[in-house]
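Residues take their numbers from the sequence shown, with the count starting at 1.
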Amino acid sequence: MEYSHLFMLSFVSKNLKKFIKSSQITRFKSINSIVYDDIGGNPPWVYIPGRHKPEMILNFSDYCTHENNSFWLDVCGTMIGFNFFGFGFPIIFGCPVAYGGPNEPAIKSIHNYLLDLFGSSVECRCKTSSRAKQLYPRPIWYIPKLQNLSALSISCHGEEESLRKVWSDFSMVPVFKHIDFSFLCLSVVDLHGSIIQRHEFMPKSQKLFPPKCKLYQAESIETTQFYISTPAILSLFQGRQAIVKCVFFEISYLIEFMNRWKSGKAFQKLECLQIEKVEDDGDGRDGDVTDFPQVLDRIGAKYIDETKTPPTHTVPKIHIEFHGANPNTPEIKSHAYVVRESDKRVASVLIQGRVFQFGVWDKTEEEFLRMME
């Protein structure tokens, strides 16, 4: 039975809700997150992420297009109107529609109800995009203040995107376990209301993304950005796992990152880093992408004897996209490594085509080399 059906049946009676929770206990335990996705400006869709497609629970709507067919339910103390028809896309999925805007108590009440139904440990994720902001009279960004909100996905791909609004919303929520941030704007409005064009991003990186912003405080982060320096993940990231996809890369930022890590003065929590050079999916005028530069000698890399098989570095992922996804970070198997001066810890380094990988071992150089004896 679909999650949307179980959700609506649970309102029939308290006994039926208890039966659903007990009979579906194994299935509900496999739910790792509930996603609230505004689909670029819509009232949010609520679903459970899956390997091939999302499993819908319900949609929200601002429009009472079928008032005669609506019915009202008490959801955690809030009376909310429901329907099985919606404005626009929801009708395609045949799942229930709840009437309530992003700033209304309806969403919070339904979220609390879902946690009671599926389990209080289920995490919440938010996906928001400004792609269609001209089409919908809604807030530019949708970042709800919900219980168990642990992950955020933001896409900024337009012109004159308001970073002031993003950081204002960030300041009102806890530090995220994971952030997925796509930043390929042509221009932005900074915290002071000034318009900054793309070619100005690099010299004004800290103005756009202040060192104390919560983007750098997340335990895990994945960014897609035009310049490697904006946002400055290689300089200011404080978490454990990072993937950075960029269009324009400069060796100096990588060398600076490696020197700071090796000195022990920064990135002490870092477990793994991946940098990938990609093509711009914005205006498409940036030409071919070349392979990652071979910089191992410039970062002071050491090498395992070629006759020996290097160990494989991987650690448990902080953020798992859906139930059944690979629970571990990408494997790194390389003869090259670097050593941190402060505690002699080792990190494997691998360059393959357009990708740079860096994985920190919880071992000293002596212990690391002993693994291959």
Exercise for review: Look at the side-chain heavy atoms of Ile, Leu, Val, Met, Phe, Trp and Tyr, link any pair under 4.5 Å apart, and say whether F181 and Y253 land in one connected group.
Suggested key: yes

Exercise for review: Dump the intermediate steps for salt bridge (charged side-chain N to carboxylate O under 4.0 Å, His left out) on D305 and K308, then the final yes or no.
Suggested key: CA-CA 6 Å; D305 191 314; K308 297 181 179 180; 5.7 Å; no

Point to revise | Pair K177-E123, salt bridge (charged side-chain N to carboxylate O under 4.0 Å, His left out): steps then yes or no | key: CA-CA 10 Å; K177 179 188 291 187; E123 294 184 350; 2.4 Å; yes

Review point. Which other residues belong to the hydrophobic cluster containing I332, where Ile, Leu, Val, Met, Phe, Trp and Tyr are joined when side-chain heavy atoms lie under 4.5 Å apart, directly or via other members?
Key: L350

Point to revise | Heavy-atom check, side chain of H178 versus side chain of I221, under 4.5 Å | key: no

Practice item. Could you tell me whether the side chains of S205 and Y227 share a donor-acceptor contact shorter than 3.5 Å? Key: no

Check your understanding: Are any side-chain N or O atoms of S109 and backbone N or O atoms of A106, one a donor and one an acceptor, separated by less than 3.5 Å?
Key -> no

Exercise for review: Before giving the answer on side-chain contact (heavy atoms from CB on, under 4.5 Å), spell out for V35 and I48 the whole-Å C-alpha distance, their side-chain angles and the decisive distance to 0.1 Å.
Suggested key: CA-CA 6 Å; V35 178; I48 295 167; over 6 Å; no

Practice item. In sequence, state the C-alpha distance, the side-chain angles, and the governing distance for K302 and E365, and then conclude on salt bridge (charged side-chain N to carboxylate O under 4.0 Å, His left out). Key: CA-CA 10 Å; K302 295 186 176 183; E365 183 177 18; 3.3 Å; yes

**Study point:** Short side-chain to backbone donor-acceptor contact, Q241 and I318, under 3.5 Å
**Key:** yes

**Study point:** Min side-chain heavy-atom separation R298-I251 under 4.5 Å
**Key:** yes

Review point. Is the backbone N or O of S120 less than 3.5 Å from a side-chain atom of N148, with the two atoms forming a donor-acceptor pair by type?
Key: yes

Practice item. Taking the six-membered ring for Trp and the full ring for Phe, Tyr or His, determine whether the centres of Y3 and F118 are under 6.0 Å apart. Key: yes

**Study point:** N15 and S13: CA distance, side-chain angles, deciding distance, side-chain hydrogen bond (donor to acceptor under 3.5 Å, both in side chains) verdict
**Key:** CA-CA 5 Å; N15 287 335; S13 70; 5.4 Å; no

Exercise for review: Kindly determine whether F209 and F183 satisfy ring-ring contact (aromatic ring centres under 6.0 Å, His included), including the steps that lead there.
Suggested key: CA-CA 11 Å; F209 301 95; F183 183 66; 5.0 Å; yes

Exercise for review: Take F201 and S229 through the test side-chain contact (heavy atoms from CB on, under 4.5 Å) and record every step on the way to the result.
Suggested key: CA-CA 8 Å; F201 286 179; S229 63; over 6 Å; no

Practice item. Cation-pi check, R345 to F368: give yes when NZ or CZ is under 6.0 Å from the six-membered ring centre and within 45° of the ring axis, no otherwise. Key: no

Exercise for review: Using the rule that two of Ile, Leu, Val, Met, Phe, Trp, Tyr join whenever any of their side-chain heavy atoms come within less than 4.5 Å, decide whether M202 and I228 are in one cluster.
Suggested key: yes

Exercise for review: Answer yes when E271 and R240 have at least one side-chain N-carboxylate O distance shorter than 4.0 Å, and no when they do not.
Suggested key: yes

Check your understanding: Does the side chain of S155 come under 3.5 Å of the side chain of S182 through a donor N or O and an acceptor N or O?
Key -> no

Practice item. Could you walk me through whether K127 and D180 pass the salt bridge (charged side-chain N to carboxylate O under 4.0 Å, His left out) test, one step at a time? Key: CA-CA 9 Å; K127 296 185 70 175; D180 190 327; over 6 Å; no

Check your understanding: Quick check, are the ring centers of F60 and Y36 under 6.0 angstrom apart?
Key -> no

Check your understanding: Checking K262 against F257: charged group under 6.0 Å from the ring centre and within 45 degrees of the axis?
Key -> no

Check your understanding: Any sub-3.5 Å donor-acceptor pair from R125's side-chain atoms to S150's backbone N or O?
Key -> no

Check your understanding: With a 4.5 Å limit on heavy-atom distance, are the side chains of C126 and L149 in contact?
Key -> yes

Exercise for review: Take T223 and Q225 through the side-chain hydrogen bond (donor to acceptor under 3.5 Å, both in side chains) test and state the conclusion after the steps.
Suggested key: CA-CA 6 Å; T223 67; Q225 54 198 73; 2.7 Å; yes

Practice item. With the side chain counted from C-beta on, respond yes when F19 and K14 share a heavy-atom pair under 4.5 Å apart, and no when they do not. Key: no

Review point. When you measure from the side chain of K21 to the backbone N and O of D116, does any donor-acceptor pair fall under 3.5 Å?
Key: yes

Study note, to complete from the structure: Taking every heavy atom of S187 against every heavy atom of Q197, the minimum-distance pair comes out as CB-OE1, 3.5 Å

**Study point:** Modelled atom types, side-chain donor and acceptor of T314 and N328, under 3.5 Å
**Key:** no

